[in-house]
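Reading through the structure tokens given below for one structure.
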Amino acid sequence: MAKNWKTKLIHPGAHAPEGFSSLAPATYRGSTVLFPNAAAVEDTWDQHAVGYTYGLYGTPTTLELAARICELENGYRTFITPGGQAAISLISFAFLKMGDHILVPESIYYPNRKFSVELLQRFGIEASFYPPTVGAQIGSLLRENTRLVWCESPGSISMEVQDVPAIAAAAHEHGALVVLDNTWAAGVYFDAFAHGVDITMQALTKYVGGHSDFLLGSVTMRDDAAYQKIGLAHQLLGCAASPDDCTLALRGLKTLAVRLAAIEKSAFALAQWLAARPEIDLVLHPAMPSCPGHEFFKRDFTGSTGVFSIVFKSHLSKEQVHAFVNNLTLFKIGYSWAGVTSLAVAYDFGSRPSRPDYGHRIVRLNIGLEDASDLQADLAQSLEKMK
Ligand SMILES: *Cc1c(COP(=O)(O)O)cnc(C)c1O
């Protein structure tokens, strides 16, 4: 049957030659997925069980990224989400119901805390916050209805490294699941499942992406029971991730090891240099003894990354700390670390009563891929200007 050109636009007879084999993974986009016949049509989220049914549950590009993250974290399966924060909320919606209680460290990523307090509370779920250094003592905080225990190690901004195995042992004794935000360790420097964690999430936005140009998250679990619960919630919440962004994440994975090696070296050298400066009271870098929980870092981690915090001496005013951040030239000011550009952000713990008593004196640094001596010179010139 001869076709009108308008029909040919939609149903072409011409095609590119086959047999292309490249090192770059293909980007499969798609909402509609074609079925071979009427009886084969079904809307099941589990693409591993039934094959591909709908773009929401992932195209080969999304599921390739999921499989690769899962392999690196030694998990059972992984879901990709539109961002790290979506990974956090997905876990809560998958496991929690009215009347449940969760335990969250005071050092948790702030939007996770806000989610627990402002949103979960509306659904009749109670969150209580525990000191991140609690260790096995968490046993006394667990209740009959405690369903999830969150961990984040090291914690956001204040950097406490947690005794995750001790927390996991106590939680499991009470029948609670242990969830870890594994973003700082990039899913590779802390083997969460070997240390008792049940579910991990990462902001792939950070080290896996590594170039500050997309948002994605991941949720990885150790068994099929959790996979079924999270998969259903992933479908019902509509947590679709862009295959184009997944392609960028797959590209990021190829250079993750060399980026992390360079960043680890620069960050550690700068942290040690800062610790010797007269303006600095405390350096909160997990690989240094001055960081709370350093002993757990030494025991459980195989490397460190590029985010750490510095606490200025108490005679320095908030204006002086802000001037330090403003006078930096290579370090930029902004959220979402782990890219190639160094960043500095000043925080005020005075307005967050449950945080350690660092007041206005704490600044978080993200070390990027600039030359370390240039970064040191930038820090030095800005510290000099504080006088
Ligand atoms: C950035 C971040 C997130 C959230 O990731 P987004 O992709 O920005 O939504 C979650 N946890 C930690 C520890 C983070 O640093």
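Order of listing sets the numbers, starting from 1, for every ligand and every atom in it.
- The side-chain hydrogen bond (donor to acceptor under 3.5 Å, both in side chains) pairs that include a residue from residues 201-215 are Glu73-Gln202, where partners are two or more places apart or lie in different chains.
- Scanning all protein heavy atoms for the shortest distance to atom 12 (C) of ligand 1 gives Asp181 OD2, 3.4 Å.
- With ligand atoms numbered from 1 in the order given, ligand 1 contributes 13 (C) to contacts under 4.0 Å with heavy atoms of Glu152.
- At least one N or O atom of Gly84 sits closer than 3.5 Å to an N or O atom of ligand 1.
- Residue contact check: Gly83 has heavy atoms under 4.0 Å from atoms 7 (O), 9 (O) of ligand 1.
- Partner of Asp348 under the side-chain hydrogen bond (donor to acceptor under 3.5 Å, both in side chains) criterion, out of Lys318, Arg361, His322, Arg355: Lys318 alone.
- With Trp45 as reference, Leu232 is the one residue of Leu236, Leu232, Thr53 to meet the side chain to side chain contact (heavy atoms under 4.5 Å, CB included) rule.
- Geometrically, Arg113 engages Phe129 in a cation-pi contact, judged by NZ or CZ lying under 6.0 Å from the ring centre and within 45° of the ring axis.
- Atom 9 (O) of ligand 1 has its closest protein heavy atom at Gln85 N, 2.8 Å.
- Ring planes of Tyr54 and Tyr57: perpendicular class, angle over 60° (limits at 30 and 60°).
- Nearest protein heavy-atom contact of atom 8 (O) of ligand 1 is Leu215 CD2, 3.6 Å.
- In terms of protein heavy-atom proximity, atom 15 (O) of ligand 1 is nearest to Lys206 NZ, 2.6 Å.
- The part of Trp337 lying near ligand 1 is the side chain, judged by heavy-atom distances below 4.0 Å.
- In this structure, Asp281 does not pair ionically with Lys313, as no charged nitrogen and carboxylate oxygen lie closer than 4.0 Å.
- By the 30° and 60° cut-offs, the orientation of the rings of His285 relative to Phe308 is tilted.
- Members clustered with Leu9: Trp5, Ile10, by chain and number, using a 4.5 Å side-chain heavy-atom cutoff among hydrophobic residues.
- Residue Ser336 has no N or O atom closer than 3.5 Å to an N or O atom of ligand 1.
- In terms of N/O distances under 3.5 Å, ligand 1 is not approached by Ser156.
- Protein heavy atom nearest atom 7 (O) of ligand 1, with residue, atom name and distance: Thr205 OG1, 2.6 Å.
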